[in-house]
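This structure is a prediction, so every number in the text was calculated from the model and none was measured. Here is how names work: the chains are called A, B, and so on, in the same order as the sequence lines, proteins then strands, and each is numbered from 1.
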Protein chains: 2
Amino acid sequence: MMMTPKIESFVMHCGEMGSKWGFNRTVGQMYGLLIINEQALSAIEISETLNISRGNVSMGIKELQSWRLVQVQHKPKDRKEYYLPAGSIWEMAIRVFEERQKREVDPTLSLLRDNLLNEPANEQEQFAQGKMREIHDLLETITHWAGELQTMNPDKLNTLMKLGAGVSKIIDMKDRFLKSG
Amino acid sequence: MMMTPKIESFVMHCGEMGSKWGFNRTVGQMYGLLIINEQALSAIEISETLNISRGNVSMGIKELQSWRLVQVQHKPKDRKEYYLPAGSIWEMAIRVFEERQKREVDPTLSLLRDNLLNEPANEQEQFAQGKMREIHDLLETITHWAGELQTMNPDKLNTLMKLGAGVSKIIDMKDRFLKSG
DNA sequence: TTAAACTTTCAGAAATTACTGAAACTTCAG
DNA sequence: CTGAAGTTTCAGTAATTTCTGAAAGTTTAA
């Protein structure tokens with residue numbers, strides 16, 4: 001599997017971005033390669049194309065599976081496993097979003113909840129708990145909202161996004177409508 | 001500046017989470033400490049409370065400033081700088097969101113745009129460009145939407161979030177209203 | 001000016017994270 | 001069974017990131 005320069009630049013960029021998106025460089029590259037490639041690739045092809053060890057590919061695939069971002073394919077008369085990106089670009093975005101939520105927000109929410117169960121012992125803790133409550137409530141609102149958005153189908157979500165700030169006008173309209181009705 | 005166990009657990013948690021949120025452990029701890037503390041803190045107080053070197057505090061503050069998350073305060077008759085979190089919890093969330101956008105999404109968008117200007121050289125590149133376009137369009141929609149949401153005031157944003165998937169019903173209502181009108 | 005009080009910088013050390021490659025494991029056809 | 005074709009694991013090493021502390025820089029009061 002030879003990469004053309006353009007494809008290589010995309011794959012390497014996914015590597016750089018990988019760490020910002022929550023995985024490491026080689027996992028990013030692997031995922032970029034799978035997205036950009038029409039055919040499913042075997043572990044050994046990935047390893048050779050990206051010049052990384054076979055063991056690293058195995059760990060990377062595991063990581064991508066934990067994000068539900070790849071799927072395995074088998075070919076008849078062939079014992080190898082072939083890997084493909086799981087789902088559409090939209091689904092990929094939603095999964096990354098969901099997983100990050102799980103890894104970044106949920107643990108904080110649970111720490112805050114625990115902490116808020118205790119009575120503050122002094123003025124300093126009183127202030128601290130006030131802040132923790134603010135953060136807790138904000139995160140909970142966001143989590144709840146994100147959950148709801150994910151129940152919408154991609155089309156509707158797309159409409160909503162394209163609408164942008166316009167949604168604000170629609171909410172106003174609803175208010176007027178309900179008042180006058 | 002002594003931390004009570006509850007406050008310490010929060011601050012240490014911010015440290016763990018720091019890396020997931022885009023900075024490193026000590027920067028996370030520093031920010032947690034500033035949020036949870038009613039009074040502004042000097043660099044030396046931060047350094048002593050968290051047991052980290054004075055130089056590290058200086059670098060951490062610089063990092064937090066690059067995220068626009070801290071603000072400096074001066075006290076009369078005192079040459080030290082004192083640090084405070086910049087803005088409300090809402091503003092903090094919006095800033096983290098904006099900065100991550102800048103760091104994680106914008107570079108990818110620009111790479112994709114460049115790549116899409118070239119004609120595909122073969123069938124493999126044709127497929128690749130198709131995928132790149134999909135990703136590009138999706139990221140652009142999200143970026144645009146995020147930008148618009150940020151122009152809304154917190155109250156309205158809150159209303160919208162609390163509405164959750166209900167927003168979908170309102171969009172339907174608008175459609176019906178426009179058709180019948 | 002000077003010097004005290006503070007901040008920033010940065011080379012090198014420490015800590016963390018990622019990667020390799022060889023060994024162990026699994027699966028399956030014969 | 002056996003062994004060939006594959007996958008996974010993991011100890012050790014390499015690469016990267018973070019942190020320290022001392023030196024350089026800055027600011028201000030006298």
Side-chain angles (χ1 to χ4, degrees), chain A residues 1 11-34 40-67 70-84 103-104, chain B residues 1 11-34 40-67 70-84 103-104:
Chain A
M1 232 300 292
V11 170
M12 293 302 129
H13 178 84
C14 290
E16 304 310 315
M17 283 305 155
S19 50
K20 313 212 173 193
W21 278 94
F23 7 87
N24 67 32
R25 191 168 66 258
T26 43
V27 172
Q29 290 174 357
M30 287 174 53
Y31 191 45
L33 183 63
L34 291 178
L41 294 172
S42 67
I44 191 73
E45 284 171 314
I46 295 172
S47 151
E48 282 166 3
T49 307
L50 299 175
N51 270 298
I52 58 183
S53 74
R54 186 63 194 69
N56 200 5
V57 172
S58 174
M59 294 203 283
I61 293 288
K62 223 168 71 177
E63 171 83 1
L64 287 173
Q65 278 169 339
S66 86
W67 287 75
V70 283
Q71 101 196 48
V72 181
Q73 197 178 65
H74 283 275
K75 297 192 180 179
K77 294 274 180 195
D78 188 342
R79 211 133 115 207
K80 279 200 207 66
E81 299 195 322
Y82 289 83
Y83 303 100
L84 279 176
R103 289 158 204 237
E104 298 173 2
Chain B
M1 233 301 292
V11 170
M12 293 302 130
H13 178 84
C14 291
E16 305 310 315
M17 282 305 155
S19 49
K20 313 213 176 200
W21 278 92
F23 8 89
N24 68 33
R25 188 165 70 258
T26 44
V27 172
Q29 289 173 357
M30 287 172 56
Y31 191 46
L33 183 63
L34 291 177
L41 294 172
S42 67
I44 191 73
E45 283 170 314
I46 295 173
S47 151
E48 282 167 1
T49 308
L50 299 177
N51 271 299
I52 58 183
S53 75
R54 187 61 194 70
N56 200 4
V57 171
S58 175
M59 295 203 281
I61 292 288
K62 220 169 70 178
E63 170 83 2
L64 287 173
Q65 278 168 339
S66 85
W67 287 75
V70 283
Q71 103 197 45
V72 180
Q73 195 177 67
H74 283 275
K75 297 191 178 177
K77 294 274 180 195
D78 188 340
R79 212 132 115 205
K80 280 201 208 63
E81 299 195 322
Y82 289 83
Y83 303 100
L84 279 176
R103 289 158 204 235
E104 298 174 0

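- When rounded to the nearest whole Å, the span between CD1 of A:I61 and P of C:dA18 equals 17 Å.
- Here the P atom of nucleotide C:dA18 and the CD atom of A:Q29 are 13 Å apart, to the nearest Å.
- Side-chain contact between A:L41 and A:Y82 is absent, with no heavy-atom pair separated by less than 4.5 Å.
- Residues B:T26 and B:N24 bring a donor and an acceptor atom of their side chains to less than 3.5 Å of each other.
- B:K62 has no side-chain polar atom (N or O) that falls below the 4.0 Å cut-off from OP1 or OP2 of C:dT7.
- Minimum atom distance to the side chain of B:M59 is reached by C:dT9, of the listed C:dT9, C:dT16, C:dC6.
- One interatomic measurement links the two molecules: CZ of B:F23 to P of D:dT18, which rounds to 12 Å at whole-angstrom precision.
- Between A:N24 and the phosphate of C:dT17, there is no side-chain N or O to OP1/OP2 separation shorter than 4.0 Å.
- Side-chain atoms of B:R79 come within donor-acceptor range of the base of C:dA4, with a qualifying N/O pair under 3.5 Å.
- Taking atom NZ of B:K20 as the reference point, atom P of C:dT17 lies 10 Å away to the nearest angstrom.
- Using a 4.5 Å heavy-atom threshold, the side chains of B:V70 and B:L34 count as touching.
- Checking D:dT9, D:dC19, C:dT20 against the side-chain heavy atoms of A:S53 singles out C:dT20 as nearest.
- Taking atom NZ of A:K77 as the reference point, atom C1' of D:dG6 lies 17 Å away to the nearest angstrom.
- Residue B:N56 is in base contact, counting any heavy-atom pair closer than 4.0 Å across all strands shown.
- When the P atom of D:dG6 is taken as reference, atom OH of A:Y83 falls 12 Å away, rounded to whole Å.
- A:E48 places its CD atom 13 Å from the P atom of C:dG21, with the value rounded to the nearest Å.
- Using a 4.0 Å heavy-atom cutoff across all strands shown, B:I44 reaches no nucleic acid atom at all.
- In terms of position on DNA chain D, the residue among A:R25 and A:Y82 whose nearest nucleotide sits closer to the 5' end is A:Y82.
- At D:dC19, one or more side-chain N or O atoms of B:T26 fall inside 4.0 Å of OP1 or OP2 (strictly under the cut-off).
- At a cut-off of 3.5 angstrom, the base of C:dT20 holds no donor-acceptor pair with the side chain of A:R54.
- By the 4.5 Å heavy-atom criterion applied to side chains, B:R25 and B:E16 are counted as neighbours.
- Following rounding to the nearest Å, B:K80 (NZ) and C:dT7 (C1') show an atom-to-atom distance of 12 Å.
- Side-chain atoms of A:H74 and A:E81, non-hydrogen and from C-beta on, do get closer than 4.5 Å to each other.
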